[in-house]
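Let me begin by presenting the structure, written as structure tokens, before commenting on it.
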Amino acid sequence: MANIDRAFIDQVLASTDIVELIKEKVALSKNGTNYKGLCPFHNEKTPSFNVSSNKQFYHCFGCGASGDAIKFLTEHDHLTFIEALSKLAQAANIEMPDSTKKNDTTYNLFISNKKAADFYNRTLKSNNNANAYLTKRDINQTMIETFQIGLANDSWDDLTKIFTKDKIIENALEAGLLIKSNNKIYDRFRNRIMFPIRNSTGNIIGFGGRIFNQQDGAKYLNSPETKLFHKSYELYGLYESKKSISQEDKVLIVEGYTDVIGLHNSGIKNCVATLGTAFTKFHFKKILRYTNNITFCFDGDVAGKSAAWKAINNCLPELKDGVQLSLIFLPEGSDPDTFVKEEKDEFLNLINNAMPLSQFIIQSLKSNLDINSVEGRTAFLINAKKIIDEMPDITYTTILKKEFENIGGNTIRKDIAPKVEAVNKESSTQKDHFDIKELTLINILLEYPSLLEDSTYAKYITNSVLIDIYESALKEKKMNKNFSAAHIINRYTDDHIIHKIMTMQSNEKSEDSARLTINEIASQLEKNSNEDIYFDLLNRYSNGDKLSDDERQFIKNFKK
Ligand SMILES: [Zn+2]
């Protein structure tokens, strides 16, 4: 969030009511002290989208979307952080510090990219040659508008001139639009059809350029990796397709941007493409936010099969029960763009009969092996075991393992987990186990932060996550007069914890009743902890330990 003063952000958030803000866009009904409605970020019939007035935070129990008022505007209205902040500041009648906009590099890079996209788009309009090429490829005006397609002229400095004029050349260099070499600055993209690449909120983060009337040069040229643009995280077409992906609850993954455009043109709008890289686990996690049903589309040739194998291997460690992965392979030499144009029915038919993940894995493992021989089955089981070892401990893995064993005719032994992993597992269960009393205590403190002032509850909290929340809340309260629970919750990326905190509603009507409840809980927790000490002392006593006078006194006074 750039160099913006945290206190300023807090001041804006404290002057905003998240319930009022969201109510303008989502129908909400009261549910205890929270509000509930249909989630605007995923497709659902029963409301699982919760907004807490006390915590100034929203959370969807369905898709996991969550955040404060600023996050809501960035995700829902596709604003940048600064835009969202200034919108809220304006509504609250608070003036934005002058330095804010200037200092926000993310914002500046978005602006540079937008400026370039507009320029390329205008350039395209006046170039018959390029338009003829697009028409020949069936990219019509609607697609040009939807995907903001443009043209970089055959020139070294068209874009450079634009940015020089506005003296924002440094931003354009950082965005990868221009190149500086030997003290000369020139355009990165020349003589190419330009495809802006947007992030999921619609801001342009980079470009793909494709040659169209020349023989030399790489067919495709992407923006370099920048602060905004990371190829292994981003998917082309996600912004344009995300609504269809959620509505149809499935996605088709293809390999090129022209495939995404071609599919959209044929009415198949739930598709995205990788940007010249393999499909990574980051892509996988990103797309799971929109749907659990993923179909990959690859070329039927050797390169396509190997790309498929790589993509699947990247997904396996992140697999969850309920996620359906499947694959289709097009006839050799055809790409989705042309195939769907010529034989849409056949294409849809392929998708509907896509090969399930398990079948693909088994087929790949069996290829080149004689499964009728002992050697073949041994090799099969060795490779199958590697797959299983990569997979999480879910039902799907168990069933797939059985399937492998049936084919290989022997059991696959599970490795004894390395010690480090065992320790991690243990501590994560400890982290996940929340005592209801401790959780309630934390929740009331987050809802009534003034109670933090005379707070002496630290000694009763045993869960490490809750201790962390408690300490952050204390610190926040001391430092910040605009205490915000949202700020504390925002620090957690773990869905499970946010989920827990947002499930809790104190239903306290006033600070006084909240104080009574919290004291009651504290005394119960104190009793628990005294009980622990009591049994510990008894234990030591019966083992022949010598107890101090104080300890003896404690046993005497202890009432169960
Ligand atoms: Zn949702």
Side-chain angles (χ1 to χ4, degrees), residues 13 16-79 81 84 198-203 233-235 237-253 269-272 282-294 318-325 443 485-505:
L13 283 175
T16 304
D17 182 359
I18 197 170
V19 176
E20 290 306 315
L21 176 79
I22 294 182
K23 254 188 182 168
E24 283 174 25
K25 335 230 168 200
V26 181
L28 295 175
S29 57
K30 207 158 189 324
N31 174 41
T33 51
N34 282 2
Y35 291 79
K36 214 173 179 177
L38 290 173
C39 178
F41 302 110
H42 84 281
N43 194 21
E44 63 174 6
K45 292 192 179 71
T46 41
S48 44
F49 182 73
N50 274 260
V51 187
S52 164
S53 167
N54 287 333
K55 299 188 184 102
Q56 290 292 305
F57 205 77
Y58 68 88
H59 178 67
C60 173
F61 291 96
C63 68
S66 64
D68 57 18
I70 298 174
K71 176 89 178 294
F72 182 82
L73 285 179
T74 61
E75 296 271 303
H76 188 272
D77 291 10
H78 314 309
L79 305 181
F81 183 87
R198 287 186 265 220
N199 65 9
S200 63
T201 57
N203 288 303
Y233 285 82
E234 302 298 340
L235 290 163
L238 182 58
Y239 174 69
E240 293 82 359
S241 304
K242 65 179 186 180
K243 205 166 151 205
S244 296
I245 295 171
S246 294
Q247 272 167 1
E248 296 180 36
D249 194 13
K250 56 183 176 195
V251 66
L252 184 68
I253 315 269
K269 296 184 175 177
N270 57 330
C271 51
V272 294
F282 306 110
H283 291 137
F284 185 48
K285 282 179 165 174
K286 183 167 254 183
I287 207 71
L288 285 180
R289 284 197 59 186
Y290 301 89
T291 182
N292 275 339
N293 303 304
I294 301 170
E318 305 295 330
L319 206 60
K320 292 178 191 152
D321 280 329
V323 172
Q324 307 270 357
L325 290 183
N443 182 59
H487 184 197
I488 310 277
I489 309 170
N490 251 340
R491 297 174 50 229
Y492 293 89
T493 47
D494 185 340
D495 268 1
H496 178 71
I497 294 165
I498 299 174
H499 202 96
K500 277 279 178 201
I501 300 174
M502 287 300 284
T503 313
M504 297 299 297
Q505 286 196 55

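In listed order, ligands and their atoms are each counted from 1. From a predicted model like this one, the values you see are computed outputs, not experimental measurements.
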What is the number of protein N, O or S atoms that sit under 2.8 Å away from the Zn ion (ligand 1)?
4
Is it the case that the side chains of N270 and K242 hold a donor-acceptor pair, with the cut-off being a distance below 3.5 Å and no angle test?
no
Sub-3.5 Å donor-acceptor pair from the side chain of T16 to the main-chain atoms of I18, do we have one?
no
Could you measure the distance from the NZ atom of K243 to the CD atom of E248? Nearest 0.5 Å is fine.
12.0 Å
Can you find a side-chain donor-acceptor pair between D249 and T291 that sits under 3.5 Å?
yes
Strictly under 6.0 Å, is that where the ring centroids of H59 and F61 end up?
yes
Would you please say whether a donor-acceptor pair under 3.5 Å links the side chains of S48 and E44?
yes
